**Student:** 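Would you mind keeping the following structure in view while I ask a few things?
Every value quoted in this text rests on a predicted model; they were computed, and no experiment measured them. Each ligand, and each atom within it, is numbered from 1 in the order the structure gives.
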Amino acid sequence: MKKKLLMFLFAVMAVFLAACGGGANEAPADDAPAEEAPAGDEAPAETTGETKTIRAGIGLNDQHPQYKGLLRFKEIVEEKSNGQIVVETYHSGQLGDDRTMTEALQLGSQEVTIPSTAPIANFVPEYNVFDFPFLFPSEEVADKVLDGEVGQEFLDMLPNQNLVGLAYWENGFRDLTNSKRAVATAEDFNGLKIRTMENELHLEAFRALGANPTPMAFTELFAAMQQGTVDGQENPYATIYLQKFHEVQDHVSNTHHIYSPFVFLMSKTFFDGLSEEQQQIVKDAAIEAGQYQRELNREANSEYLQSLQDEGMTYTEISDEARQEMIEIVQPVLDKYAERVGQDIVDRVYQAIEDAQE
Ligand code: KDG
């Protein structure tokens with residue numbers, strides 16, 4: 001009887017051990033793919049069946065050249081990858097604002113966004129340099145610097161933040177609008193409640209000019225102007241017109257105080273999961289679509305100042321003397337930030353700007 005019981009217990013243990021041991025050696029079917037390298041790393045796009053999706057979001061609306069550029073990016077990528085990479089496009093902050101979308105890229109829960117450099121400076125402080133007021137004298141000089149060695153040096157700072165910078169696009173020269181008064185001189189900024197991008201340097205520069213700046217996400221701006229929470233804002237003419245800011249703003253001045261680049265950002269987690277061939281496709285597409293976007297943007301910015309006046313805004317021209325006074329007022333802020341981000345890199349940017357003008 002005892003013997004039978006012992007044999008029964010042995011049999012139960014044997015079955016139990018076999019189950020445990022076998023389970024450890026054989027990978028369950030579901031885990032099998034994790035053992036293999038992601039298909040995209042080795043195989044060219046055409047030979048794998050896997051489709052990758054890029055969710056690309058921007059803050060501006062679907063009329064803006066930035067969105068048209070994004071549609072061009074989609075067209076190129078989907079064609080060149082034979083449909084293996086699909087691009088979904090979102091505008092008007094549907095996926096969030098510049099900061100939240102950039103964070104989503106870092107987390108790998110979104111693949112592309114194209115913010116201005118100002119919010120990027122919250123992740124990589126060196127990017128503040130691009131937002132030094134009155135830094136770039138023209139769009140052409142900006143192109144040369146950004147598409148050159150120095151521009152690349154800045155893109156190379158992004159992987160540390162789990163971001164990849166594929167190209168520079170253009171937001172453009174920023175101009176002031178408000179609903180209180182015509183702004184012609186530095187004095188006219190006095191007490192104006194101005195919405196700025198979420199960036200300390202912008203805040204300090206406007207404070208130096210005597211304004212009362214408030215940082216705010218772009219998605220909240222129209223309502224803030226409509227409700228009078230802020231008196232004004234600053235953005236390129238294309239944005240002012242296409243976002244219909246003229247409906248809630250009366251005055252526009254060509255302050256041209258900052259040239260705002262856009263940076264085409266991709267999540268590094270996503271980029272690293274692409275094959276080399278696919279990485280090249282998205283990089284080339286971001287550059288090619290960016291050329292197109294810059295062209296459209298320049299046409300829009302030169303056309304829409306007139307459109308804003310046709311819509312009833314008063315236009316005030318900033319004289320050379322008035323602009324010079326503004327430059328002098330904000331200089332201490334620039335000196336402070338140059339020290340903060342490193343005089344070396346600031347000097348390299350200044351040098352590249354000088355070289356670009358030769
Ligand atoms: O899509 C880009 C916009 O979100 C943003 O960068 C626009 O310049 C802008 C602003 O003022 O927030």
**Student:** Is D143 paired with R298 through a side-chain N to carboxylate O contact shorter than 4.0 Å?
**Tutor:** yes
**Student:** Verify the ring-centre separation between F136 and F173: is it less than 6.0 angstrom?
**Tutor:** no
**Student:** Ring centroids only, cut at 6.0 angstrom: are Y241 and Y304 within range, meaning strictly under it?
**Tutor:** yes
**Student:** For atom 3 (C) of ligand 1, what's the nearest protein heavy atom and its distance?
**Tutor:** D98 OD1, 3.6 Å
**Student:** Compute the minimum heavy-atom distance from H64 to ligand 1 and say whether it is under 4.0 Å.
**Tutor:** no
**Student:** May I ask you to list the atoms of ligand 1 that are less than 4.0 angstrom from any heavy atom of S116?
**Tutor:** 5 (C), 6 (O), 8 (O), 9 (C)
**Student:** Give the atom numbers and elements of ligand 1 that come within less than 4.0 Å of a heavy atom of G59.
**Tutor:** 1 (O), 2 (C), 4 (O)
**Student:** To the nearest 0.1 Å, how far is atom 12 (O) of ligand 1 from its closest protein heavy atom, and which atom is that?
**Tutor:** R195 NH2, 3.0 Å
**Student:** Would a distance-only check, ignoring hydrogens and angles, find a side-chain to backbone donor-acceptor pair under 3.5 Å from K74 to V87?
**Tutor:** yes
**Student:** Can a salt bridge be assigned to the pair D355 and R348 using a cut-off of 4.0 Å between side-chain N and carboxylate O?
**Tutor:** no
**Student:** Give the numbers and elements of all ligand 1 atoms closer than 4.0 Å to a heavy atom of F262.
**Tutor:** 2 (C), 6 (O)
**Student:** With salt bridge (Lys or Arg N to Asp or Glu O under 4.0 Å) as the test, would you mind laying out the steps for K336 and E204 before giving the verdict?
**Tutor:** CA-CA 10 Å; K336 175 174 161 185; E204 289 196 34; 2.9 Å; yes
**Student:** List the closest protein heavy-atom neighbour of atom 8 (O) of ligand 1: residue, atom name, distance to the nearest 0.1 Å.
**Tutor:** N171 ND2, 2.8 Å
**Student:** Can you pull out the closest protein heavy atom to atom 2 (C) of ligand 1? Residue, atom name and distance to 0.1 Å, please.
**Tutor:** Q66 OE1, 3.4 Å
**Student:** Relative to the heavy atoms of M197, which atoms of ligand 1 are at a distance of less than 4.0 Å?
**Tutor:** 8 (O), 9 (C), 10 (C), 11 (O), 12 (O)
**Student:** State whether the shortest distance between N or O atoms of N235 and N or O atoms of ligand 1 falls below 3.5 angstrom.
**Tutor:** yes
**Student:** For F73 together with F264, are the ring centres under 6.0 Å from each other?
**Tutor:** yes
